Chemist: 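Sending over a structure as structure tokens; questions will come in a sec.
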Amino acid sequence: MIYQFLVLLVIHWFADFVLQTHWQAQNKSKNNEALARHVGVYTLMLAIASPFIFGMPKDFNLFIFVALNGVLHFATDYCTSRWSSKLYAKQDWHNFFVIIGLDQLIHQFTLALTMIWLFK
């Protein structure tokens with residue numbers, strides 16, 4: 001299971017950072033369309049990668065895993081992007097990066113807990 005989680009973290013990094021466009025990154029804190037597009041791409045990548053990571057279960061756990069992480073990713077980014085954008089505007093760099101780190105910690109916990117719950 002640790003191997004699956006490590007692969008999942010790589011997919012998360014790729015989908016959350018590499019595939020996020022400049023427009024999405026600049027606007028997701030104030031524009032729900034930008035946030036939805038970011039989360040849509042993230043969720044699509046999770047949907048593509050998850051069968052390779054976990055196999056194809058006979059139940060709906062794979063669908064639940066992807067959908068739940070998509071919804072929770074949106075909720076997390078909705079809060080943390082608004083918080084961090086205020087800190088960025090004030091050039092409060094330490095606290096800005098604290099919130100970016102918190103955002104990633106929440107995403108990692110979400111992935112780990114839903115993985116354990118649905119694929120244990």
Side-chain angles (χ1 to χ4, degrees):
M1 194 170 241
I2 189 71
Y3 166 77
Q4 291 169 311
F5 184 64
L6 293 174
V7 172
L8 195 55
L9 289 180
V10 172
I11 298 302
H12 167 76
W13 165 78
F14 186 76
D16 201 21
F17 288 95
V18 176
L19 295 180
Q20 182 172 218
T21 67
H22 179 76
W23 177 78
Q24 291 166 348
Q26 290 293 109
N27 291 289
K28 69 181 182 181
S29 65
K30 57 187 175 265
N31 181 324
N32 284 340
E33 180 186 351
L35 178 58
R37 286 184 184 202
H38 164 63
V39 173
V41 170
Y42 177 86
T43 305
L44 178 62
M45 283 304 301
L46 202 57
I48 291 168
S50 290
F52 295 102
I53 298 170
F54 302 112
M56 287 299 293
K58 294 180 178 21
D59 51 24
F60 290 102
N61 285 1
L62 197 64
F63 173 79
I64 294 167
F65 175 80
V66 170
L68 189 55
N69 276 285
V71 168
L72 293 172
H73 195 98
F74 186 96
T76 299
D77 277 14
Y78 182 89
C79 297
T80 58
S81 68
R82 280 154 176 76
W83 195 358
S84 65
S85 69
K86 291 176 183 169
L87 296 168
Y88 185 90
K90 293 192 311 188
Q91 298 184 353
D92 185 350
W93 304 123
H94 173 76
N95 288 320
F96 169 78
F97 283 108
V98 167
I99 300 308
I100 298 299
L102 176 63
D103 172 82
Q104 290 306 297
L105 183 64
I106 292 168
H107 291 321
Q108 292 165 8
F109 273 27
T110 300
L111 290 166
L113 294 174
T114 55
M115 183 182 92
I116 291 167
W117 173 50
L118 293 164
F119 302 116
K120 184 176 177 187

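Small disclaimer: the values here were computed from a predicted structure and weren't measured. Quick note: numbers below take in every heavy atom, side chains included, and nothing from hydrogens, waters or symmetry partners. If you read the sequence from its start, that first residue is 1, and numbering goes on from there.
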Chemist: Is there side-chain contact between L46 and F65, with heavy atoms separated by less than 4.5 Å?
Modeler: yes

Chemist: Evaluate the ring planes of H12 and H107, with Trp represented by its six-membered ring, and classify them as parallel (under 30°), tilted (30 to 60°) or perpendicular (over 60°).
Modeler: tilted

Chemist: Can you measure from CD (Q104) to OG1 (T80) and round to the nearest 0.5 angstrom?
Modeler: 8.5 Å

Chemist: Show the nearest heavy-atom pair for residues G70 and V39, with the distance to one decimal.
Modeler: O-CG1, 3.3 Å

Chemist: Would you say M45 and F17 are hydrophobically clustered, going by side-chain heavy atoms of ILVMFWY under 4.5 Å?
Modeler: yes

Chemist: Would you call the rings of Y42 and H73 parallel, tilted or perpendicular if under 30° counts as parallel and over 60° as perpendicular?
Modeler: parallel

Chemist: Any non-hydrogen side-chain atom of V41 less than 4.5 Å from a side-chain atom of Q20?
Modeler: no

Chemist: Within a strict 4.5 Å, meaning less than it, do heavy atoms of the I99 and Y88 side chains meet?
Modeler: no

Chemist: When rounded to the nearest 0.5 angstrom, what distance separates CD1 in I53 from CD1 in I48?
Modeler: 11.5 Å

Chemist: Could you see if L68 belongs to whatever hydrophobic cluster contains M56? Use Ile, Leu, Val, Met, Phe, Trp, Tyr and a side-chain cutoff under 4.5 Å.
Modeler: yes

Chemist: Does T43 reach the main-chain N or O of G40 with its side chain, forming a donor-acceptor pair under 3.5 Å?
Modeler: no

Chemist: So how far is it from Y3 OH to L8 CG, rounded to the nearest 0.5 Å?
Modeler: 11.5 Å

Chemist: Hey, does W117 have a side-chain heavy atom less than 4.5 Å from the side chain of N61?
Modeler: no

Chemist: Any side-chain donor paired with an acceptor under 3.5 Å for D16 and H38?
Modeler: yes

Chemist: What distance separates S29 OG from D77 CG, expressed to the nearest 0.5 Å?
Modeler: 10.5 Å

Chemist: Under the rule for side chain to side chain contact (heavy atoms under 4.5 Å, CB included), what residues qualify as partners of I106, not counting sequence neighbours?
Modeler: T76, L102, T110

Chemist: Just how far is it from atom CG of L118 to atom CG of N69, taken to the nearest 0.5 Å?
Modeler: 8.5 Å

Chemist: Sequence neighbours left out, what passes side chain to side chain contact (heavy atoms under 4.5 Å, CB included) with W23? Give chain and number order.
Modeler: T21, N27, N31, E33, A34, R37

Chemist: First locate atom CD1 of I100, then atom CG of L87, and finally report the distance between them rounded to the nearest 0.5 Å.
Modeler: 9.0 Å

Chemist: Honestly curious: do I64 and M1 fall in one hydrophobic cluster under the side-chain, below-4.5 Å linking rule?
Modeler: yes

Chemist: If you look at every heavy atom in T114 and L111, which pair is closest and at what distance?
Modeler: OG1-O, 3.2 Å

Chemist: Applying a strict under-4.5 Å side-chain criterion to I, L, V, M, F, W and Y, I'd like to know whether L72 and L35 cluster together.
Modeler: no

Chemist: Which heavy atom of L62 sits nearest a heavy atom of G55, and at what distance?
Modeler: CD2-O, 4.0 Å

Chemist: Transitively linked via ILVMFWY side-chain contacts under 4.5 Å: L19 with V10?
Modeler: no

Chemist: Can you name the closest pair of heavy atoms from S84 and S81 and give their distance?
Modeler: OG-O, 3.3 Å

Chemist: Side-chain contact, heavy-atom cut-off 4.5 Å: I11 with F52?
Modeler: no

Chemist: Start with the C-alpha distance between I116 and F5, add both sets of side-chain angles, then the distance that settles side chain to side chain contact (heavy atoms under 4.5 Å, CB included), and finish with yes or no.
Modeler: CA-CA 10 Å; I116 291 167; F5 184 64; over 6 Å; no

